[in-house]
Amino acid sequence: MSSSLAIGAHVDQTDPIAEAAARRAPLVQFFLGDPQGYKGPEIAYEGGADKLRADAEAAGVDLYVHAPYIINIATTNNRIRIPSRKLLQQHLDAAASIGAKGLIVHGGHVNKADDPEKGFDNWRKAIEATEISIPLLIENTAGGENAMTRYLDRIGRVWDAISSAEGSDMVGFCLDTCHAHAGGNALETVVNDVRALTGRIDLVHCNDSRDAFDSGADRHANFGAGQIDADLLAAVVRDAGAPVVCETPGGAAEHAADFAWLRERL
């Protein structure tokens with residue numbers, strides 16, 4: 001498992017192929033544009049989308065795109081939900097144009113006074129209204145009592161809601177270890193728990209956590225520098241058996257050290 005499992009990192013979008021080479025990584029994840037803005041995706045790679053796609057294929061590097069953090073599909077606030085759906089479609093199209101293996105998006109949340117059922121149904125409506133040409137990977141999140149994908153029961157309700165939507169077969173799951181730990185989900189069972197609800201884990205965001213279990217704090221740490229037990233962190237990756245993206249602090253040297261730390265324990 002340790003030699004065959006694909007492990008990469010979140011990198012700068014300017015030259016993801018060079019970033020992959022610097023880490024000797026078979027995959028990388030990056031943003032296409034501003035993760036905090038509604039402006040829309042931008043291809044920073046010299047030569048544009050077609051060149052990035054061709055160069056990635058030639059280098060044998062798989063590309064994953066992380067959607068902007070501000071996307072909130074679940075909200076009942078039209079001034080946020082409608083631009084979020086537009087932005088999601090734009091990023092799906094842009095990610096498809098570079099040959100990405102998937103687009104990762106956070107589950108979003110509803111307001112304190114809202115019925116969570118409205119959020120689940122907004123996800124259903126969004127899936128039905130979106131043209132999904134590459135896998136859309138919904139990620140669990142760490143904080144917020146009204147989050148759609150912090151708690152396991154909420155993740156299950158999202159999947160229940162979208163299961164009837166046309167296009168749901170293109171929706172997968174991204175399991176973040178820091179988010180699961182900080183969100184109050186036992187890492188000892190989280191892989192089986194998630195699979196029981198969604199039927200799949202398509203990608204793992206492997207991150208240590210700066211903060212305590214159930215803290216609700218989304219603060220990633222390098223492996224061994226946080227509060228997640230080392231063997232438990234490795235067990236999640238091993239049990240999930242999916243490609244791994246490390247979103248840990250630092251650059252190529254720090255990421256290479258994290259890769260080695262993880263492989264030693266797989």
Side-chain angles (χ1 to χ4, degrees), residues 5-6 27 29 62 64-67 69 71-75 84-85 88 91-92 95 100-110 116-207 214 218 232-233 235-245 247:
L5 192 65
L27 63 90
Q29 173 188 281
D62 286 343
Y64 288 85
V65 176
H66 200 302
Y69 296 133
I71 288 179
N72 186 357
I73 294 301
T75 182
S84 290
R85 283 170 54 165
L88 179 66
H91 278 264
L92 275 166
K101 301 299 181 183
L103 177 76
I104 299 93
V105 63
H106 287 179
H109 57 88
V110 294
E117 293 296 326
K118 294 180 180 178
F120 305 141
D121 197 50
N122 281 339
W123 261 110
R124 178 191 62 79
K125 292 175 180 177
I127 297 304
E128 289 181 342
T130 303
E131 184 178 338
I132 307 175
S133 55
I134 62 170
L136 176 64
L137 308 182
I138 302 176
E139 180 181 353
N140 61 307
T141 52
E145 295 298 319
N146 300 299
M148 293 290 98
T149 56
R150 172 179 179 175
Y151 302 110
L152 290 166
D153 63 324
R154 295 279 179 88
I155 293 171
R157 292 295 293 115
V158 170
W159 246 256
D160 288 345
I162 67 175
S163 63
S164 63
E166 184 177 350
S168 63
D169 59 314
M170 292 294 288
V171 180
F173 193 82
C174 174
L175 174 62
D176 188 299
T177 57
C178 171
H179 296 175
H181 165 88
N185 301 293
L187 293 187
E188 290 86 349
T189 60
V190 72
V191 170
N192 288 337
D193 292 340
V194 166
R195 282 209 179 109
L197 297 168
T198 69
R200 58 196 294 171
I201 295 175
D202 301 83
L203 187 70
V204 173
H205 282 173
C206 189
N207 305 298
D214 206 19
D218 182 4
L232 192 52
L233 190 64
V236 172
V237 170
R238 188 186 311 116
D239 293 346
V244 177
V245 171
E247 299 175 315

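These numbers come from a predicted model, not from an experiment. Below, all heavy atoms of this structure are taken into account, side chains as well, without hydrogens, waters or symmetry copies.
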* Any idea which heavy atoms bring T141 and A147 closest together, and the distance? -> OG1-CB, 4.0 Å
* **Student check: side-chain heavy atoms of P116 and R157 closer than 4.5 Å** => no
* Would you say T149's side chain and E139's backbone share a donor-acceptor pair under 3.5 angstrom? -> yes
* Compute whether any side-chain donor of one residue and acceptor of the other, for H205 and E247, lie under 3.5 angstrom apart. => yes
* **Straight-line distance of L137 CG to L175 CG, nearest 0.5 Å** => 11.5 Å
* Which atom pair, heavy atoms only, marks the closest approach of L5 to A242? -> CD1-O, 3.4 Å
* For A6 and L27, which heavy atoms make the closest approach, and how far apart are they? -> CB-CD2, 3.5 Å
* Output yes when a side-chain donor or acceptor of T198 lies under 3.5 Å from a complementary backbone atom of R200, and no otherwise. => yes
* Have a look at V171 and tell me which of I138, D202, V158 forms a side chain to side chain contact (heavy atoms under 4.5 Å, CB included) with it. => I138
Between side-chain atoms of residues 118-130 and protein atoms elsewhere (two or more places apart, or another chain), which donor-acceptor pairs fall under 3.5 Å?
residue, atom, partner, partner atom, Å
D121, OD1, R124, NE, 2.6
D121, OD1, R124, NH2, 3.0
D121, OD2, R124, NH2, 3.3
N122, ND2, A74, O, 2.8
N122, ND2, T75, O, 3.1
N122, ND2, K118, O, 3.3
W123, NE1, G107, O, 2.9
R124, NH1, E128, OE1, 3.0
R124, NH1, E128, OE2, 3.4
T130, OG1, A126, O, 2.6

* Asked: Do M148 and H106 have side-chain heavy atoms sitting under 4.5 Å apart?
  -> no
* Quick one: does D176's side chain have a donor or acceptor within less than 3.5 Å of a partner on N140's backbone? -> no
* For I134 and A100, which heavy atoms make the closest approach, and how far apart are they? -> CG2-O, 3.8 Å
* Asked: Heavy atoms, side chains only, cut-off 4.5 Å: are Y64 and C174 in contact?
  -> no
* Asked: To the nearest 0.5 Å, how far apart are CG in L92 and CG in L103?
  -> 5.0 Å
* **Rounded distance (nearest 0.5 Å) linking atom CG of L152 with atom CG of L197** => 6.0 Å
* Value rounded to 0.5 Å, distance of CD1 in I104 from NE2 in H91 -> 12.5 Å
* What's the spacing between D214 CG and H181 NE2 if we round to 0.5 Å? -> 9.0 Å
* Inter-residue atom distance D193.CG - E188.CD, 0.5 Å rounding -> 10.5 Å
* Under 3.5 Å, is there a donor-acceptor pair between the side chain of T177 and the main chain of N207? -> yes
* Structure fact -> For I132 and G167 the tightest heavy-atom approach is CD1-O, 4.0 Å
* **Verdict with supporting geometry, R195 and I201, side chain to side chain contact (heavy atoms under 4.5 Å, CB included)** => CA-CA 7 Å; R195 282 209 179 109; I201 295 175; 4.1 Å; yes
* Give a yes or no answer on whether the side chain of N185 reaches the backbone of Y151 with a donor-acceptor pair at less than 3.5 Å. => no
* To do: Could you pull out the closest heavy-atom pair between D218 and C178, with the gap in Å?
  => OD1-SG, 4.4 Å
